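Here the structure is a predicted model, which is why all the values come from computation and not from measurement. The first residue in the sequence is number 1, and the count goes up from there.
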Amino acid sequence: MYSDKENINILTSLLLAHGIRHAVVCPGSRNAPFTHNLCEALGSGCESVTDERSAAFVALGKAQALDEPVAVCVTSGSALLNTLPAVAEAWYQHVPLVVISADRPAAMIGQLQGQTLPQQPTLTTFWAKEVSLPEPHDEVERWYCNRLVNEALCAMNQCDKRPVHINVPVSEPLFNFTTPELPCERVIRLTNMSLWPATLTRAFCQSVRPMLVIGQLSFSVARRVVDGLDKLRGKIVVLQEQLSNAQGAPCHFDEALKEIAGQETYEPDFVIYLGQTLVSKRAKHFLQRCRLRRCVVVNASGELTDVTMHATDVVVGRTEEVIDSLCHAIKKEDVFSVGEPRAFYERWATVLDKQTACCRQFSPAYSQMMAVRRLCKVVNNQSCSLQFANSTAIRLGQLYAGHYLFVNRGVNGIEGSLSTAVGFASSVCRPVYCVIGDLSFFYDQNALWNGVDKRQLHILLLNNSCGGIFHQLAGLEKSPYRDDYVSAGHHASAKGICEATGVAYRLVKDARTLADGISWLTHDLAVGPMLLEVFTDAEADARELQRYLQQ
(Lines give C-alpha, C1' and ligand atoms only; values in the text may rest on other atoms or scores of the structure.)
Protein backbone atom coordinates (compact mmCIF):
# COMPACT_ATOMS: atom_id res chain seq x y z
CA MET A 1 0.00 0.00 0.00
CA TYR A 2 1.12 3.55 -0.77
CA SER A 3 0.54 7.03 0.69
CA ASP A 4 -2.77 8.77 0.00
CA LYS A 5 -0.88 11.94 -1.04
CA GLU A 6 -1.40 12.27 -4.79
CA ASN A 7 1.68 14.37 -5.52
CA ILE A 8 3.87 11.87 -3.70
CA ASN A 9 2.37 8.96 -5.65
CA ILE A 10 2.82 10.79 -8.97
CA LEU A 11 6.44 11.45 -8.06
CA THR A 12 7.06 7.84 -6.99
CA SER A 13 5.53 6.45 -10.17
CA LEU A 14 7.62 8.72 -12.39
CA LEU A 15 10.84 8.01 -10.50
CA LEU A 16 10.34 4.35 -11.35
CA ALA A 17 9.39 5.12 -14.95
CA HIS A 18 12.55 7.21 -15.43
CA GLY A 19 14.75 4.41 -14.16
CA ILE A 20 15.43 5.41 -10.54
CA ARG A 21 16.20 2.15 -8.74
CA HIS A 22 18.09 3.35 -5.67
CA ALA A 23 17.38 5.95 -2.97
CA VAL A 24 18.94 7.15 0.28
CA VAL A 25 16.33 8.26 2.82
CA CYS A 26 16.75 10.29 5.99
CA PRO A 27 14.54 10.15 9.10
CA GLY A 28 11.81 12.75 9.54
CA SER A 29 8.06 13.10 9.93
CA ARG A 30 7.29 15.42 7.00
CA ASN A 31 9.11 13.12 4.58
CA ALA A 32 7.79 9.89 6.14
CA PRO A 33 5.23 9.40 3.36
CA PHE A 34 8.07 9.60 0.81
CA THR A 35 10.20 7.17 2.80
CA HIS A 36 7.26 4.76 2.98
CA ASN A 37 6.62 4.98 -0.77
CA LEU A 38 10.27 4.59 -1.73
CA CYS A 39 10.72 1.57 0.53
CA GLU A 40 7.51 0.04 -0.79
CA ALA A 41 8.48 0.64 -4.41
CA LEU A 42 12.24 0.01 -4.32
CA GLY A 43 12.56 -2.54 -1.53
CA SER A 44 16.23 -3.28 -0.94
CA GLY A 45 17.11 -0.35 -3.22
CA CYS A 46 16.55 1.97 -0.24
CA GLU A 47 19.26 2.88 2.28
CA SER A 48 18.70 4.82 5.53
CA VAL A 49 21.25 7.45 6.62
CA THR A 50 20.52 9.81 9.52
CA ASP A 51 22.89 12.69 8.68
CA GLU A 52 21.59 14.52 5.58
CA ARG A 53 25.08 15.79 4.68
CA SER A 54 26.42 12.25 4.74
CA ALA A 55 23.27 10.84 3.07
CA ALA A 56 23.75 13.06 0.02
CA PHE A 57 27.37 11.95 -0.29
CA VAL A 58 26.31 8.31 0.08
CA ALA A 59 23.89 8.88 -2.80
CA LEU A 60 26.72 10.48 -4.79
CA GLY A 61 28.92 7.44 -4.25
CA LYS A 62 26.14 5.04 -5.26
CA ALA A 63 25.49 7.06 -8.42
CA GLN A 64 29.20 6.93 -9.27
CA ALA A 65 29.36 3.17 -8.76
CA LEU A 66 26.12 2.33 -10.55
CA ASP A 67 26.47 4.96 -13.29
CA GLU A 68 22.80 5.81 -12.90
CA PRO A 69 20.69 8.40 -11.06
CA VAL A 70 20.14 7.99 -7.31
CA ALA A 71 17.54 9.79 -5.19
CA VAL A 72 18.13 11.26 -1.74
CA CYS A 73 15.05 12.13 0.33
CA VAL A 74 15.13 14.58 3.27
CA THR A 75 12.58 16.22 5.54
CA SER A 76 11.72 19.94 5.62
CA GLY A 77 13.73 22.83 7.02
CA SER A 78 17.51 22.87 7.35
CA ALA A 79 17.74 19.24 6.20
CA LEU A 80 17.82 20.41 2.58
CA LEU A 81 20.67 22.86 3.29
CA ASN A 82 22.79 20.01 4.60
CA THR A 83 22.84 18.40 1.16
CA LEU A 84 24.67 21.41 -0.37
CA PRO A 85 28.25 20.06 -0.26
CA ALA A 86 27.31 16.83 -2.05
CA VAL A 87 25.05 18.65 -4.53
CA ALA A 88 27.87 21.06 -5.44
CA GLU A 89 30.23 18.13 -5.91
CA ALA A 90 27.67 16.30 -8.07
CA TRP A 91 27.22 19.45 -10.18
CA TYR A 92 30.89 19.67 -11.06
CA GLN A 93 31.28 15.91 -11.49
CA HIS A 94 28.16 15.71 -13.68
CA VAL A 95 26.60 13.05 -11.47
CA PRO A 96 22.79 12.71 -11.64
CA LEU A 97 21.21 13.10 -8.19
CA VAL A 98 17.51 13.62 -7.46
CA VAL A 99 17.19 15.55 -4.21
CA ILE A 100 13.64 15.24 -2.85
CA SER A 101 12.69 17.55 -0.01
CA ALA A 102 9.45 17.45 1.95
CA ASP A 103 7.95 20.82 2.77
CA ARG A 104 5.03 22.44 4.53
CA PRO A 105 2.35 24.15 2.43
CA ALA A 106 3.39 27.60 1.21
CA ALA A 107 0.97 29.34 3.58
CA MET A 108 2.99 28.06 6.55
CA ILE A 109 6.40 29.35 5.43
CA GLY A 110 7.64 32.21 7.61
CA GLN A 111 4.81 31.71 10.13
CA LEU A 112 6.84 30.34 13.06
CA GLN A 113 6.04 26.75 12.16
CA GLY A 114 8.56 24.04 12.99
CA GLN A 115 11.21 23.03 10.47
CA THR A 116 10.27 25.57 7.83
CA LEU A 117 12.24 27.90 5.59
CA PRO A 118 11.93 28.95 1.93
CA GLN A 119 13.09 25.77 0.21
CA GLN A 120 12.62 26.91 -3.37
CA PRO A 121 14.86 28.32 -4.62
CA THR A 122 17.59 27.22 -2.21
CA LEU A 123 20.74 25.95 -3.87
CA THR A 124 19.87 27.57 -7.20
CA THR A 125 23.40 27.63 -8.62
CA PHE A 126 23.72 23.87 -8.47
CA TRP A 127 20.40 22.60 -9.83
CA ALA A 128 19.84 21.71 -13.47
CA LYS A 129 16.16 22.11 -12.57
CA GLU A 130 14.25 22.96 -9.42
CA VAL A 131 10.49 22.40 -9.11
CA SER A 132 7.90 22.49 -6.35
CA LEU A 133 4.94 20.16 -6.80
CA PRO A 134 1.35 21.25 -6.15
CA GLU A 135 -1.10 19.20 -4.15
CA PRO A 136 -3.54 18.48 -7.01
CA HIS A 137 -7.22 19.39 -6.65
CA ASP A 138 -8.26 18.98 -10.32
CA GLU A 139 -7.04 17.54 -13.62
CA VAL A 140 -5.09 20.65 -14.62
CA GLU A 141 -3.14 20.65 -11.35
CA ARG A 142 -2.59 16.93 -11.74
CA TRP A 143 -1.20 17.49 -15.27
CA TYR A 144 0.97 20.29 -13.87
CA CYS A 145 2.36 18.03 -11.15
CA ASN A 146 3.14 15.31 -13.69
CA ARG A 147 4.75 17.81 -16.04
CA LEU A 148 6.99 19.28 -13.34
CA VAL A 149 8.35 15.89 -12.31
CA ASN A 150 8.99 14.98 -15.96
CA GLU A 151 10.69 18.33 -16.54
CA ALA A 152 13.05 17.81 -13.61
CA LEU A 153 13.96 14.24 -14.49
CA CYS A 154 14.51 15.13 -18.15
CA ALA A 155 16.70 18.10 -17.15
CA MET A 156 18.82 15.79 -14.97
CA ASN A 157 20.03 13.98 -18.10
CA GLN A 158 20.01 16.90 -20.50
CA CYS A 159 23.19 18.87 -19.71
CA ASP A 160 25.60 15.95 -19.47
CA LYS A 161 23.88 14.88 -16.23
CA ARG A 162 23.41 17.22 -13.27
CA PRO A 163 21.56 17.16 -9.92
CA VAL A 164 17.94 18.32 -9.71
CA HIS A 165 15.67 19.33 -6.82
CA ILE A 166 12.06 18.28 -6.39
CA ASN A 167 10.36 20.07 -3.49
CA VAL A 168 7.07 18.55 -2.33
CA PRO A 169 4.79 20.50 0.02
CA VAL A 170 2.39 18.17 1.85
CA SER A 171 -0.43 19.04 4.21
CA GLU A 172 -1.52 17.02 7.22
CA PRO A 173 -2.56 14.32 7.92
CA LEU A 174 0.62 12.69 6.69
CA PHE A 175 0.39 9.05 7.64
CA ASN A 176 -2.45 7.48 5.69
CA PHE A 177 -1.19 4.58 3.59
CA THR A 178 -4.35 3.43 1.86
CA THR A 179 -3.56 3.56 -1.87
CA PRO A 180 -3.29 0.00 -3.23
CA GLU A 181 -1.09 0.80 -6.23
CA LEU A 182 0.77 3.66 -7.87
CA PRO A 183 -0.92 5.59 -10.70
CA CYS A 184 0.07 4.93 -14.30
CA GLU A 185 1.69 8.24 -15.20
CA ARG A 186 2.49 9.89 -18.52
CA VAL A 187 6.25 9.59 -19.06
CA ILE A 188 8.02 12.25 -21.12
CA ARG A 189 11.29 11.14 -22.66
CA LEU A 190 14.20 13.39 -23.62
CA THR A 191 15.83 12.51 -26.96
CA ASN A 192 18.80 13.98 -28.77
CA MET A 193 18.29 14.82 -32.44
CA SER A 194 20.94 12.25 -33.38
CA LEU A 195 18.48 9.52 -32.38
CA TRP A 196 15.54 11.01 -34.29
CA PRO A 197 15.63 9.17 -37.64
CA ALA A 198 15.87 5.69 -36.11
CA THR A 199 13.03 6.06 -33.63
CA LEU A 200 10.53 8.87 -33.82
CA THR A 201 10.37 9.20 -37.60
CA ARG A 202 9.51 5.52 -37.88
CA ALA A 203 6.77 5.92 -35.28
CA PHE A 204 5.43 9.01 -37.06
CA CYS A 205 5.37 7.19 -40.40
CA GLN A 206 3.37 4.38 -38.81
CA SER A 207 0.72 6.73 -37.40
CA VAL A 208 -2.79 6.86 -38.83
CA ARG A 209 -3.53 10.58 -38.48
CA PRO A 210 -0.20 12.47 -38.39
CA MET A 211 -0.07 16.24 -37.94
CA LEU A 212 2.72 18.82 -37.89
CA VAL A 213 2.03 21.96 -35.83
CA ILE A 214 4.41 24.90 -36.15
CA GLY A 215 4.51 27.77 -33.69
CA GLN A 216 6.45 31.02 -34.01
CA LEU A 217 9.86 30.67 -35.69
CA SER A 218 12.56 33.25 -36.23
CA PHE A 219 12.49 34.63 -39.75
CA SER A 220 15.86 33.06 -40.58
CA VAL A 221 14.65 29.59 -39.56
CA ALA A 222 11.32 30.11 -41.35
CA ARG A 223 13.18 30.87 -44.58
CA ARG A 224 15.35 27.77 -44.25
CA VAL A 225 12.38 25.42 -43.95
CA VAL A 226 10.25 26.76 -46.82
CA ASP A 227 11.23 24.07 -49.33
CA GLY A 228 10.93 21.23 -46.84
CA LEU A 229 7.47 22.32 -45.71
CA ASP A 230 6.30 22.57 -49.32
CA LYS A 231 7.20 18.91 -49.76
CA LEU A 232 5.48 17.87 -46.54
CA ARG A 233 2.24 19.77 -47.21
CA GLY A 234 1.35 17.39 -50.02
CA LYS A 235 1.59 14.40 -47.67
CA ILE A 236 0.60 15.42 -44.13
CA VAL A 237 -1.51 18.03 -42.37
CA VAL A 238 0.59 21.09 -41.52
CA LEU A 239 -0.96 23.77 -39.27
CA GLN A 240 1.12 26.92 -39.47
CA GLU A 241 0.53 30.60 -38.70
CA GLN A 242 2.18 33.57 -40.41
CA LEU A 243 4.54 33.82 -37.45
CA SER A 244 6.43 30.90 -38.96
CA ASN A 245 5.58 31.17 -42.65
CA ALA A 246 8.30 32.96 -44.61
CA GLN A 247 6.55 32.44 -47.93
CA GLY A 248 2.95 31.78 -48.88
CA ALA A 249 -0.67 32.54 -48.11
CA PRO A 250 -2.20 32.12 -44.64
CA CYS A 251 -3.39 28.73 -43.43
CA HIS A 252 -6.89 29.43 -42.11
CA PHE A 253 -6.92 26.62 -39.58
CA ASP A 254 -8.38 28.77 -36.80
CA GLU A 255 -11.58 29.21 -38.82
CA ALA A 256 -11.47 25.55 -39.88
CA LEU A 257 -11.37 24.44 -36.25
CA LYS A 258 -14.54 26.42 -35.59
CA GLU A 259 -16.33 24.54 -38.39
CA ILE A 260 -15.14 21.02 -37.45
CA ALA A 261 -15.60 21.40 -33.69
CA GLY A 262 -16.44 18.08 -32.05
CA GLN A 263 -15.73 15.92 -35.13
CA GLU A 264 -13.32 13.21 -34.03
CA THR A 265 -12.32 12.30 -37.58
CA TYR A 266 -10.23 15.49 -37.71
CA GLU A 267 -8.30 14.69 -34.53
CA PRO A 268 -4.66 13.62 -35.01
CA ASP A 269 -3.16 10.63 -33.23
CA PHE A 270 0.48 11.76 -33.52
CA VAL A 271 1.55 15.42 -33.35
CA ILE A 272 5.00 16.90 -33.86
CA TYR A 273 5.11 20.42 -32.39
CA LEU A 274 7.85 22.71 -33.67
CA GLY A 275 8.64 26.29 -32.76
CA GLN A 276 7.29 28.48 -30.01
CA THR A 277 3.89 30.08 -29.38
CA LEU A 278 0.63 29.94 -31.33
CA VAL A 279 -1.70 32.93 -31.54
CA SER A 280 -4.78 30.75 -31.98
CA LYS A 281 -6.44 29.87 -28.68
CA ARG A 282 -8.83 27.65 -30.58
CA ALA A 283 -5.90 25.58 -31.86
CA LYS A 284 -4.50 25.17 -28.36
CA HIS A 285 -7.86 24.03 -27.00
CA PHE A 286 -8.32 21.65 -29.94
CA LEU A 287 -4.93 20.00 -29.35
CA GLN A 288 -5.57 19.75 -25.63
CA ARG A 289 -8.89 17.98 -26.21
CA CYS A 290 -7.45 15.47 -28.69
CA ARG A 291 -6.68 11.95 -27.52
CA LEU A 292 -3.11 11.87 -28.79
CA ARG A 293 -1.25 8.60 -28.81
CA ARG A 294 2.03 10.50 -29.03
CA CYS A 295 3.14 14.11 -29.05
CA VAL A 296 6.72 15.14 -29.77
CA VAL A 297 7.95 18.62 -28.80
CA VAL A 298 11.11 19.80 -30.58
CA ASN A 299 13.34 22.70 -29.62
CA ALA A 300 17.05 23.45 -29.39
CA SER A 301 17.03 23.83 -25.59
CA GLY A 302 15.26 20.61 -24.64
CA GLU A 303 12.70 22.66 -22.68
CA LEU A 304 9.34 21.01 -22.09
CA THR A 305 6.80 23.44 -23.55
CA ASP A 306 3.69 21.28 -23.41
CA VAL A 307 1.15 23.35 -25.39
CA THR A 308 -0.96 20.28 -26.17
CA MET A 309 -0.85 18.99 -22.56
CA HIS A 310 -0.12 15.55 -24.09
CA ALA A 311 3.66 15.67 -24.68
CA THR A 312 5.35 12.28 -24.58
CA ASP A 313 8.79 13.22 -25.98
CA VAL A 314 11.08 16.23 -25.93
CA VAL A 315 13.65 16.27 -28.71
CA VAL A 316 16.73 18.47 -28.46
CA GLY A 317 17.14 19.59 -32.04
CA ARG A 318 16.58 22.29 -34.63
CA THR A 319 13.39 22.74 -36.63
CA GLU A 320 15.17 22.40 -39.96
CA GLU A 321 16.76 19.09 -38.90
CA VAL A 322 13.36 17.63 -38.08
CA ILE A 323 11.75 18.78 -41.32
CA ASP A 324 14.65 17.47 -43.42
CA SER A 325 14.47 14.14 -41.58
CA LEU A 326 10.72 13.86 -42.15
CA CYS A 327 11.03 14.72 -45.84
CA HIS A 328 13.68 12.05 -46.33
CA ALA A 329 11.79 9.39 -44.38
CA ILE A 330 8.40 10.02 -45.99
CA LYS A 331 9.91 9.94 -49.48
CA LYS A 332 11.91 6.79 -48.73
CA GLU A 333 9.04 4.89 -47.08
CA ASP A 334 6.38 6.20 -49.51
CA VAL A 335 3.88 6.53 -46.67
CA PHE A 336 0.65 8.50 -46.20
CA SER A 337 -0.46 8.01 -49.82
CA VAL A 338 -3.29 5.51 -49.18
CA GLY A 339 -5.78 4.43 -46.54
CA GLU A 340 -6.77 6.43 -43.46
CA PRO A 341 -3.63 8.64 -43.46
CA ARG A 342 -4.55 9.88 -46.93
CA ALA A 343 -8.23 10.25 -46.02
CA PHE A 344 -7.24 12.27 -42.93
CA TYR A 345 -5.06 14.54 -45.07
CA GLU A 346 -7.81 15.06 -47.65
CA ARG A 347 -10.43 15.88 -44.99
CA TRP A 348 -8.20 18.63 -43.68
CA ALA A 349 -7.23 19.84 -47.17
CA THR A 350 -10.91 20.21 -48.07
CA VAL A 351 -11.86 22.23 -44.99
CA LEU A 352 -8.75 24.43 -45.19
CA ASP A 353 -9.36 25.18 -48.88
CA LYS A 354 -12.94 26.08 -48.05
CA GLN A 355 -11.86 28.52 -45.34
CA THR A 356 -9.30 30.12 -47.63
CA ALA A 357 -12.01 30.67 -50.24
CA CYS A 358 -14.36 32.13 -47.62
CA CYS A 359 -11.73 34.60 -46.46
CA ARG A 360 -11.02 35.73 -50.00
CA GLN A 361 -14.71 36.15 -50.81
CA PHE A 362 -15.72 37.89 -47.60
CA SER A 363 -16.00 41.64 -48.04
CA PRO A 364 -16.01 43.41 -44.68
CA ALA A 365 -17.77 46.68 -44.14
CA TYR A 366 -15.75 49.68 -42.97
CA SER A 367 -13.82 48.47 -39.94
CA GLN A 368 -10.35 47.55 -38.76
CA MET A 369 -10.80 44.31 -40.66
CA MET A 370 -11.29 46.23 -43.90
CA ALA A 371 -8.23 48.37 -43.19
CA VAL A 372 -5.90 45.40 -42.65
CA ARG A 373 -7.36 43.55 -45.63
CA ARG A 374 -6.75 46.48 -47.96
CA LEU A 375 -3.24 47.09 -46.63
CA CYS A 376 -2.22 43.45 -47.06
CA LYS A 377 -3.71 43.29 -50.55
CA VAL A 378 -1.16 45.93 -51.58
CA VAL A 379 1.91 45.04 -49.52
CA ASN A 380 1.70 41.30 -50.16
CA ASN A 381 3.12 42.14 -53.59
CA GLN A 382 5.89 44.38 -52.24
CA SER A 383 9.36 43.61 -50.99
CA CYS A 384 8.80 44.71 -47.42
CA SER A 385 8.60 43.55 -43.81
CA LEU A 386 5.55 43.46 -41.56
CA GLN A 387 5.66 44.25 -37.85
CA PHE A 388 2.31 43.61 -36.13
CA ALA A 389 1.34 44.52 -32.59
CA ASN A 390 -0.47 42.11 -30.30
CA SER A 391 -4.21 41.57 -29.68
CA THR A 392 -6.52 42.50 -32.56
CA ALA A 393 -3.74 43.56 -34.94
CA ILE A 394 -1.99 40.20 -35.08
CA ARG A 395 -5.28 38.29 -35.33
CA LEU A 396 -6.31 40.32 -38.37
CA GLY A 397 -2.84 39.93 -39.84
CA GLN A 398 -3.22 36.16 -39.66
CA LEU A 399 -6.20 36.43 -42.01
CA TYR A 400 -4.64 38.47 -44.79
CA ALA A 401 -0.85 38.71 -44.62
CA GLY A 402 1.13 36.96 -47.34
CA HIS A 403 4.43 37.74 -45.62
CA TYR A 404 6.04 36.46 -42.46
CA LEU A 405 4.74 38.42 -39.48
CA PHE A 406 7.16 39.82 -36.93
CA VAL A 407 5.36 40.14 -33.60
CA ASN A 408 6.33 40.12 -29.93
CA ARG A 409 4.60 36.86 -28.97
CA GLY A 410 7.16 35.78 -26.38
CA VAL A 411 4.93 37.13 -23.62
CA ASN A 412 2.31 38.80 -25.85
CA GLY A 413 2.74 42.25 -24.28
CA ILE A 414 1.66 45.51 -25.93
CA GLU A 415 4.28 47.72 -24.31
CA GLY A 416 7.06 47.69 -26.92
CA SER A 417 5.44 46.91 -30.25
CA LEU A 418 6.11 50.36 -31.75
CA SER A 419 9.66 50.55 -30.41
CA THR A 420 10.42 47.12 -31.86
CA ALA A 421 9.15 48.27 -35.25
CA VAL A 422 11.28 51.43 -35.02
CA GLY A 423 14.38 49.41 -34.21
CA PHE A 424 13.65 47.02 -37.08
CA ALA A 425 13.02 49.83 -39.57
CA SER A 426 16.27 51.55 -38.62
CA SER A 427 18.21 48.43 -39.61
CA VAL A 428 16.84 47.60 -43.08
CA CYS A 429 16.62 49.24 -46.50
CA ARG A 430 13.05 48.30 -47.36
CA PRO A 431 9.62 49.49 -46.22
CA VAL A 432 8.53 48.27 -42.79
CA TYR A 433 4.77 48.32 -42.17
CA CYS A 434 3.73 48.46 -38.53
CA VAL A 435 0.08 47.59 -37.87
CA ILE A 436 -0.84 48.57 -34.34
CA GLY A 437 -3.87 49.22 -32.16
CA ASP A 438 -4.48 52.46 -30.31
CA LEU A 439 -3.63 51.29 -26.77
CA SER A 440 -0.40 49.68 -27.97
CA PHE A 441 0.50 52.84 -29.90
CA PHE A 442 -0.17 55.40 -27.18
CA TYR A 443 1.46 53.20 -24.55
CA ASP A 444 4.68 53.19 -26.62
CA GLN A 445 4.49 56.64 -28.24
CA ASN A 446 7.94 57.54 -26.90
CA ALA A 447 9.33 55.33 -29.67
CA LEU A 448 8.72 58.18 -32.14
CA TRP A 449 10.60 61.09 -30.54
CA ASN A 450 14.02 59.44 -30.24
CA GLY A 451 16.76 59.98 -32.81
CA VAL A 452 16.64 56.49 -34.32
CA ASP A 453 16.31 56.47 -38.12
CA LYS A 454 12.63 55.90 -38.99
CA ARG A 455 12.60 56.68 -42.72
CA GLN A 456 11.48 53.16 -43.66
CA LEU A 457 8.62 53.09 -41.12
CA HIS A 458 4.98 53.12 -42.31
CA ILE A 459 2.41 52.86 -39.51
CA LEU A 460 -1.21 51.76 -39.85
CA LEU A 461 -2.80 52.85 -36.58
CA LEU A 462 -6.13 51.14 -35.86
CA ASN A 463 -7.90 53.53 -33.49
CA ASN A 464 -11.32 52.52 -32.18
CA SER A 465 -10.85 54.57 -29.01
CA CYS A 466 -10.31 51.59 -26.71
CA GLY A 467 -8.86 48.13 -26.39
CA GLY A 468 -11.18 46.73 -29.04
CA ILE A 469 -10.39 43.11 -28.36
CA PHE A 470 -12.29 43.40 -25.08
CA HIS A 471 -15.45 44.01 -27.11
CA GLN A 472 -15.00 40.53 -28.61
CA LEU A 473 -14.94 38.62 -25.31
CA ALA A 474 -18.31 37.04 -24.63
CA GLY A 475 -19.69 37.89 -21.22
CA LEU A 476 -17.55 40.95 -20.56
CA GLU A 477 -20.31 43.21 -21.92
CA LYS A 478 -22.21 42.44 -18.71
CA SER A 479 -19.75 44.47 -16.69
CA PRO A 480 -20.62 48.19 -16.44
CA TYR A 481 -16.89 48.89 -16.11
CA ARG A 482 -15.82 47.33 -19.41
CA ASP A 483 -15.70 50.45 -21.57
CA ASP A 484 -14.03 52.92 -19.21
CA TYR A 485 -11.80 50.64 -17.16
CA VAL A 486 -11.17 47.27 -18.84
CA SER A 487 -10.91 48.45 -22.44
CA ALA A 488 -9.64 51.92 -21.35
CA GLY A 489 -11.88 54.11 -23.51
CA HIS A 490 -10.30 57.39 -24.67
CA HIS A 491 -10.52 60.18 -27.26
CA ALA A 492 -6.84 60.48 -28.17
CA SER A 493 -5.46 60.99 -31.66
CA ALA A 494 -1.93 60.49 -32.97
CA LYS A 495 -1.99 63.74 -34.98
CA GLY A 496 -0.24 65.88 -32.37
CA ILE A 497 2.36 63.19 -31.67
CA CYS A 498 3.16 62.97 -35.38
CA GLU A 499 3.48 66.72 -35.76
CA ALA A 500 5.84 66.86 -32.80
CA THR A 501 8.04 64.03 -34.02
CA GLY A 502 8.21 64.71 -37.76
CA VAL A 503 6.02 61.80 -38.86
CA ALA A 504 3.83 62.43 -41.91
CA TYR A 505 0.18 62.03 -40.90
CA ARG A 506 -3.22 61.31 -42.44
CA LEU A 507 -6.50 60.23 -40.93
CA VAL A 508 -9.33 58.03 -42.21
CA LYS A 509 -12.94 57.83 -41.04
CA ASP A 510 -14.75 56.00 -43.83
CA ALA A 511 -14.26 53.48 -46.62
CA ARG A 512 -13.74 56.12 -49.33
CA THR A 513 -10.91 57.91 -47.56
CA LEU A 514 -9.46 54.53 -46.51
CA ALA A 515 -8.68 53.66 -50.13
CA ASP A 516 -6.81 56.93 -50.62
CA GLY A 517 -5.05 56.55 -47.28
CA ILE A 518 -3.80 53.03 -48.01
CA SER A 519 -2.53 54.21 -51.41
CA TRP A 520 -0.68 57.09 -49.73
CA LEU A 521 0.84 54.85 -47.05
CA THR A 522 2.02 52.18 -49.49
CA HIS A 523 3.12 54.18 -52.54
CA ASP A 524 4.62 57.48 -51.31
CA LEU A 525 7.63 55.58 -50.01
CA ALA A 526 10.02 58.53 -50.25
CA VAL A 527 8.08 60.63 -47.72
CA GLY A 528 9.88 59.18 -44.70
CA PRO A 529 8.15 57.96 -41.54
CA MET A 530 4.38 57.93 -42.17
CA LEU A 531 1.29 57.20 -40.12
CA LEU A 532 -2.24 56.52 -41.32
CA GLU A 533 -4.73 56.70 -38.46
CA VAL A 534 -7.92 54.73 -39.16
CA PHE A 535 -10.78 55.65 -36.82
CA THR A 536 -13.44 52.97 -36.39
CA ASP A 537 -16.15 51.95 -33.93
CA ALA A 538 -15.27 49.11 -31.55
CA GLU A 539 -18.73 47.54 -31.68
CA ALA A 540 -18.72 47.63 -35.49
CA ASP A 541 -15.26 46.05 -35.53
CA ALA A 542 -16.51 43.21 -33.32
CA ARG A 543 -19.63 42.73 -35.47
CA GLU A 544 -17.62 42.43 -38.70
CA LEU A 545 -15.30 39.83 -37.23
CA GLN A 546 -18.25 37.87 -35.89
CA ARG A 547 -20.02 38.09 -39.25
CA TYR A 548 -16.92 36.66 -40.92
CA LEU A 549 -16.67 33.79 -38.43
CA GLN A 550 -20.35 32.98 -38.82
CA GLN A 551 -19.89 32.78 -42.58
Could Lys235 and Phe336 be counted as a cation-pi pair, given that NZ or CZ must be under 6.0 Å from the ring centre and within 45° of the axis? no
For Asn245, check side chain to side chain donor-acceptor pair (under 3.5 Å) against everything at least two apart and list the hits. Gln242
Between Asn380 and His403, is any side-chain donor less than 3.5 angstrom from a side-chain acceptor? no
Does one side chain, of Asn150 or Arg186, offer a donor that lies under 3.5 Å from an acceptor on the other? no
Does Phe424 have its ring centroid less than 6.0 Å away from the ring centroid of Phe406? yes
Under 4.0 Å between a side-chain nitrogen and a carboxylate oxygen: does that hold for Glu544 and Arg547? yes
Please determine, by modelled atom types, if Ser385 and Arg430 share a side-chain donor-acceptor pair under 3.5 angstrom. yes
Are Thr191 and Asp313 close enough that a side-chain donor and a side-chain acceptor fall under 3.5 Å? no
Any side-chain hydrogen bond (donor to acceptor under 3.5 Å, both in side chains) pairs touching residues 513-523, not counting sequence neighbours? Asp510-Thr513
State, without any angle test, whether Gln216 and Glu241 hold a side-chain donor-acceptor pair at a distance under 3.5 Å. no
Short N-O contact, Glu533 and Arg506, less than 4.0 angstrom: no
I'd like to know if Arg289 pairs up with Glu267 as an ion pair, taking the criterion as any Lys NZ or Arg NE/NH1/NH2 lying under 4.0 Å from an Asp or Glu carboxylate oxygen. no
Could you tell me whether Arg147 and Glu141 make a salt bridge, using a distance below 4.0 angstrom between a side-chain N and a carboxylate O? no
Judged by modelled atom types alone, do Glu255 and His252 share a side-chain donor-acceptor pair under 3.5 Å? yes
Would Glu321 and Arg318 count as a salt bridge (Lys or Arg N to Asp or Glu O under 4.0 Å) here? Give the steps. CA-CA 5 Å; Glu321 291 179 299; Arg318 296 180 300 146; 3.8 Å; yes
Flag for Gln240-Arg233: side-chain donor and acceptor within less than 3.5 Å: yes
Pairing donors with acceptors under 3.5 angstrom, does anything connect the side chains of Asn7 and Glu135? no
Between Tyr404 and Gln247, do the side chains contain an N or O donor and an N or O acceptor separated by less than 3.5 Å? no
Side-chain (Asp306) to main-chain (Ala311) donor-acceptor, under 3.5 angstrom: yes
Under 3.5 Å, is there a donor on one side chain and an acceptor on the other for Asn408 and Thr420? yes
Donor + acceptor pair across side chains of Tyr433, Gln382 (<3.5 Å): yes
For Thr536 and Asp541, which I'm curious about, is there any donor-acceptor pair between the side chains at under 3.5 Å? yes
